[in-house]
There are 2 protein chains.
Amino acid sequence: MALDHAILVSLLEKPGSGYELARRFERSIGYFWTATHQQIYRVLKRMEGDGWVDVRDVAQQGRPDKKEYSVAEAGRVALSAWLAAPIEPESVRHDLAVKIRGAAFDDPASLIGEVRRHRQVHTERLAHYLAGEKRDFGEPSDRDEPLHAERELQHVVLRGGIAYERMMITWLDDVLGTLARFETGR
Amino acid sequence: MALDHAILVSLLEKPGSGYELARRFERSIGYFWTATHQQIYRVLKRMEGDGWVDVRDVAQQGRPDKKEYSVAEAGRVALSAWLAAPIEPESVRHDLAVKIRGAAFDDPASLIGEVRRHRQVHTERLAHYLAGEKRDFGEPSDRDEPLHAERELQHVVLRGGIAYERMMITWLDDVLGTLARFETGR
DNA sequence: GCTTGCTATGCAACGAGGTGCATAGCAAGA
DNA sequence: TCTTGCTATGCACCTCGTTGCATAGCAAGC
């Protein structure tokens with residue numbers, strides 16, 4: 001299971017509370033991994049029991065207190081072991097692809113609205129990623145700048161998200177063109 | 001849940017047994033949806049109870065008998081309803097992306113072998129899809145051929161798979177180039 | 001006759017993930 | 001004062017998916 005490791009990576013990038021992690025999983029980490037706050041709290045509790053993370057109570061003014069988690073040595077070791085172990089390339093699950101093949105047995109053209117909606121979502125995600133890239137990685141900065149692994153690797157993952165969204169938009173246009181050919185001649 | 005509907009679509013394309021469905025889910029359907037034979041048998045049994053599918057015992061020579069499932073009227077209705085309902089664009093889960101960001105806190109270059117392995121898998125999948133496309137959709141055939149929804153929609157989904165694998169290979173090359181810059185200067 | 005291997009179906013148990021709900025601190029505005 | 005809303009944490013329950021195991025028919029080879 002990789003949720004453990006996704007949380008460890010996020011905590012290594014920056015320690016934080018379960019609540020903060022949940023919000024990160026709606027943004028940056030959430031680009032390639034999703035989790036609800038329930039899963040996060042549960043996993044944090046388990047990892048705390050296993051000594052993978054340390055907890056620190058933090059009093060805040062104007063807000064409820066929080067528990068700040070950070071990665072313990074055992075957590076680093078566990079992450080290292082996971083990084084060294086091979087994983088299977090993901091098994092994809094595309095509901096939309098099932099719908100498209102299923103539409104052959106219904107009215108293909110009636111899917112057009114749904115596909116347009118998905119195209120819109122991917123367009124928004126792409127714009128969001130591009131804005132994030134400009135904000136966080138926009139400046140070419142002076143060359144010969146020392147290599148910063150965290151930054152470079154976050155950037156290449158973001159470029160993956162951008163490539164994915166561009167591919168999806170292009171493909172959804174292909175789908176829309178195909179569906180349009182089945183439009184009832186009204 | 002869309003496994004129900006993926007099975008219904010597959011049975012509409014061609015009735016078959018749980019075992020046959022399981023093999024389809026290792027191939028064509030499996031390009032965008034995975035399922036083990038356990039899940040398939042369980043769902044078939046439930047759908048039979050709900051009257052979504054019909055069963056027929058088929059004796060075979062040289063092999064054990066099988067149960068052939070086909071979609072019943074109630075199943076068609078359920079599929080139609082699902083097709084008409086909006087679904088949320090998929091939430092992605094990329095273990096490899098977690099690994100890449102995590103590698104910043106370990107040895108980035110040690111990931112190169114793993115990424116190459118993934119690239120190899122995607123290259124093979126692409127070759128497999130392209131061969132399938134040539135086999136099943138290769139002939140331009142006479143134009144003005146009547147539109148065949150099932151065929152056209154299967155093709156557009158396959159084109160999505162091809163676009164996805166091409167995007168992944170390109171991105172993994174980007175990843176490899178990035179990781180190479182962290183190689184220990186030995 | 002025995003083993004191997006593919007076809008074909010299924011149970012039991014577990015873990016992961018999601019939904020709904022509950023609690024509580026604190027600020028801001030009606 | 002009461003409600004609304006964000007921050008913050010957590011329990012209970014249920015479903016989905018995976019793993020391991022079991023059974024059985026039948027063919028082919030040793």
Side-chain angles (χ1 to χ4, degrees), chain A residues 1-8 10-11 15-27 29-30 32-50 53 55-69 82 87-88 90-95 98, chain B residues 1-8 11 15-27 29-30 32-50 53 55-69 82 87-95 98:
Chain A
M1 203 240 325
L3 176 56
D4 299 37
H5 307 103
I7 288 176
L8 287 175
S10 191
L11 288 178
S17 67
Y19 189 84
E20 285 162 355
L21 282 170
R23 280 189 304 173
R24 288 186 214 169
F25 273 80
E26 289 167 5
R27 321 174 30 261
I29 311 282
F32 51 89
W33 202 272
T34 57
T36 62
H37 77 276
Q38 290 303 337
Q39 290 177 69
I40 292 166
Y41 283 124
R42 205 183 307 157
V43 170
L44 282 174
K45 182 152 277 189
R46 196 187 66 231
M47 292 201 296
E48 187 191 342
D50 292 344
V53 294
V55 200
R56 191 169 68 91
D57 281 314
V58 176
Q60 301 186 111
Q61 69 273 40
R63 300 177 172 192
D65 299 349
K66 66 174 180 179
K67 297 183 182 178
E68 195 184 74
Y69 291 87
W82 180 70
I87 48 172
E88 286 310 298
E90 5 61 68
S91 49
V92 190
R93 299 207 162 177
H94 281 291
D95 294 71
V98 177
Chain B
M1 202 240 325
L3 176 57
D4 299 35
H5 307 102
I7 288 176
L8 287 176
L11 288 179
S17 69
Y19 190 82
E20 285 162 356
L21 281 170
R23 281 190 304 174
R24 288 186 214 169
F25 273 82
E26 288 167 5
R27 318 174 32 260
I29 310 284
F32 51 87
W33 202 271
T34 59
T36 63
H37 76 277
Q38 290 303 337
Q39 289 176 70
I40 292 166
Y41 284 124
R42 204 184 308 156
V43 170
L44 282 174
K45 183 151 275 189
R46 195 187 67 230
M47 292 201 296
E48 188 192 341
D50 292 345
V53 293
V55 201
R56 192 168 69 91
D57 280 314
V58 175
Q60 300 186 113
Q61 69 274 39
R63 301 179 170 189
D65 299 350
K66 66 175 181 178
K67 297 183 183 176
E68 195 183 75
Y69 290 87
W82 179 70
I87 51 172
E88 286 311 297
E90 7 61 71
S91 48
V92 189
R93 297 207 164 177
H94 281 291
D95 295 72
V98 177

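Here is how names work: the chains are called A, B, and so on, in the same order as the sequence lines, proteins then strands, and each is numbered from 1.
- By the 4.5 Å heavy-atom criterion applied to side chains, A:Tyr69 and A:Leu21 are not counted as neighbours.
- Look at A:Lys45 and you'll find a side-chain N or O under 4.0 angstrom from OP1 or OP2 of D:dG10.
- For A:Thr34 and B:Lys67, each mapped to the nucleotide of DNA chain C holding its nearest heavy atom, the one lying further toward the 5' end belongs to B:Lys67.
- One N or O donor and one acceptor, one from the side chain of A:Arg42 and one from the base of C:dG17, sit under 3.5 Å apart.
- For the atom pair B:Thr34 OG1 and B:Phe25 CZ, the distance stands at 8.5 Å (nearest 0.5 Å).
- For B:Tyr19, counting side-chain heavy atoms from C-beta on, the closest listed nucleotide (C:dT7, D:dT7, C:dA16) is C:dT7.
- Of all nucleotides listed (D:dG17, D:dG25, C:dG18), D:dG17 comes nearest to the side chain of A:Arg93.
- Distance B:Ile7 CD1 to D:dG17 P: 10 Å, rounded to the nearest Å.
- Summarising the geometry, the separation between CD on B:Glu88 and P on C:dG17 is reported as 19 Å, rounded to the nearest angstrom.
- Note: CD (A:Gln39) to P (D:dT9) measures 16 Å, nearest angstrom.
- We find that CE of A:Met47 is positioned 16 Å from C1' of C:dG15, with the value rounded to whole Å.
- Look at A:Tyr41 and you won't find any side-chain N or O under 4.0 angstrom from OP1 or OP2 of D:dG10.
- Side chain of B:Pro64, nearest nucleotide from D:dA8, C:dG18, D:dG25: D:dG25.
- Residue B:Glu20 is classed as having no contact, given no heavy-atom separation below 4.0 Å to the nucleic acid.
- The nucleotide whose nearest atom lies closest to any side-chain atom of A:His37 is, among C:dG10, D:dT9, D:dA8, D:dT9.
- At D:dC11, none of the side-chain N or O atoms of A:Gln38 fall inside 4.0 Å of OP1 or OP2 (strictly under the cut-off).
- A heavy-atom distance below 4.5 Å is not found between the side chains of A:Asp95 and B:Phe32.
- The phosphate of C:dT7 has OP1 or OP2 within less than 4.0 Å of a side-chain N or O from B:Arg23.
- A sub-4.0 Å separation between OP1 or OP2 of C:dA8 and a side-chain N or O of B:Arg63 is present.
- Side-chain contact between A:Val98 and B:Ile87: absent, with no pair of heavy atoms (C-beta onward) separated by less than 4.5 Å.
- Positionally, the nearest nucleotide of DNA chain C for B:Tyr69 lies more toward the 5' end than for the other of A:Asp65 and B:Tyr69.
- In terms of position along DNA chain D, the nucleotide closest to B:Asp4 lies nearer the 5' end than the nucleotide closest to the other residue of the pair B:Gln61 and B:Asp4.
- Ion pair B:Asp4/B:Arg46 flagged as a salt bridge, since at least one NZ, NE, NH1 or NH2 atom sits closer than 4.0 Å to an Asp/Glu carboxylate oxygen.
- Comparing C:dA8, D:dT9, C:dA16 by their closest approach to the side chain of A:Arg46 singles out C:dA16.
- The interatomic distance linking A:Gln60 (CD) with D:dT9 (C1') rounds to 13 Å, in whole Å.
- Nucleotide C:dT9 holds its P atom 10 Å from the CG atom of B:Asp57, rounded to whole Å.
- A heavy-atom distance below 4.5 Å is not found between the side chains of B:Lys67 and B:Arg56.
- You'll find that the side chain of B:Ser17 is closest to C:dT9, out of C:dG18, D:dG10, C:dT9.
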